[in-house]
Novice: 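Below: one structure in structure tokens.
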Amino acid sequence: MNTVANALLTTKAVHIKPDPNEFFTWTSGKRSPIYCDNRTLISYPHYRELITQSFCQLIKEKYKSVELIAGTATAGIPWASWIASELNLPMVYIRSKPKGHGLKSAIEGQSQEGQKTLIVEDLISTGKSSIEAFEHAKSAKLDVLAVLSIFNYGFSLAKENFESYSLKNESLCNLSELLEYARESSILNEKEVQTVLSWANEYR
């Protein structure tokens, strides 16, 4: 069983409505059969721990050299905090843009030049916010190893954006895995799965 997919659907962090008449409307105006709000997960201690441990396992397997955990404001902050605590690592968070007052910092917390850093997001759609965080980290002369996220829609646009910056991205669950779990669990039937996949393939 895909435990992360189960967590996303059980907590309703991800909603799926395959009927085009019931599609969600995103902030961008895009009509979508799927809506994701991973902030929901922080209210469930069991799933919160499951996600945190999944992140930590991934990091221990692939990013043993990490020295700093950086959460994106605001949704990435709690996950970065729990991961940093579990791995006993320092943590910072990255604003979408620098403050307009004081030190005008984009990164809050203490970091050092050259620190091997993992950026933590909750969700990746186009990858735009991840790239912005990466650019702030690079401006602070941090060595970014990768961007980690709970869920990734798997859009080709995001892949292209990450590749253009030679930036690695690892997600605990992507749309294909989520739909496979939904099909195996009889949450969605084959026609409904194909409707969502067709929408995702057309998205640019």
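Note that the numbering runs from 1 along the sequence shown for the chain. The structure displayed is predicted, hence computed values, not measured ones.
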Novice: Identify every side-chain donor-acceptor pair in residues 63-76 under 3.5 Å, counting partners at least two apart or on other chains, and give the distances.
Specialist:
residue : atom : partner : partner atom : Å
Y63     : OH   : E170    : OE2          : 3.0
E67     : OE1  : K116    : N            : 2.8
T72     : OG1  : V120    : O            : 3.3
T72     : OG1  : E121    : OE1          : 3.0

Novice: Out of the candidates L179, N174, L178, only one should pair with S176 under the side chain to side chain contact (heavy atoms under 4.5 Å, CB included) rule; please name it.
Specialist: N174
Novice: Return the set of residues passing side-chain hydrogen bond (donor to acceptor under 3.5 Å, both in side chains) with S149 (not counting sequence neighbours), or none when no residue passes.
Specialist: S171
Novice: Can you list the residues that meet the side-chain hydrogen bond (donor to acceptor under 3.5 Å, both in side chains) rule with Q57, with sequence neighbours excluded?
Specialist: E61
Novice: Scan residues 67-90 for pairs that pass ring-ring contact (aromatic ring centres under 6.0 Å, His included), counting only residues two or more places apart or in two chains.
Specialist: W79-W82
Novice: Tell me, please, which residues at least two apart from Y47 pass ring pair (Phe, Tyr, Trp, His ring centres under 6.0 Å).
Specialist: none
Novice: Is there a donor-acceptor pair under 3.5 Å between the side chain of T10 and the backbone N or O of A7?
Specialist: no
Novice: With sequence neighbours left out, what residues match Y165 under side-chain hydrogen bond (donor to acceptor under 3.5 Å, both in side chains)?
Specialist: E135
Novice: Can you sort out the partners of Y153 under ring pair (Phe, Tyr, Trp, His ring centres under 6.0 Å), two or more places apart, ordered by chain and number?
Specialist: W26, F151, F155
Novice: Name all residues meeting the side-chain hydrogen bond (donor to acceptor under 3.5 Å, both in side chains) criterion together with Q194; count only those two or more places apart in sequence or in a different chain, and write none if there are none.
Specialist: E190
Novice: Got a donor-acceptor contact below 3.5 angstrom from the S185 side chain to the I187 backbone?
Specialist: no
Novice: Check for me, please, whether L123 and I51 land in the same ILVMFWY cluster - side-chain distances under 4.5 Å, paths through other members count.
Specialist: yes
Novice: If the condition is ring pair (Phe, Tyr, Trp, His ring centres under 6.0 Å), which residues does F55 pass it with, not counting sequence neighbours?
Specialist: none
Novice: For F24, give me all partners under ring pair (Phe, Tyr, Trp, His ring centres under 6.0 Å), at least two apart in sequence or on another chain.
Specialist: Y35
Novice: Who else is in I77's hydrophobic cluster (ILVMFWY, side-chain heavy atoms under 4.5 Å, direct or via others)?
Specialist: M91, Y93
Novice: According to salt bridge (Lys or Arg N to Asp or Glu O under 4.0 Å), does anything in residues 71-87 pair up with another residue at least two apart or in another chain? List the pairs.
Specialist: none
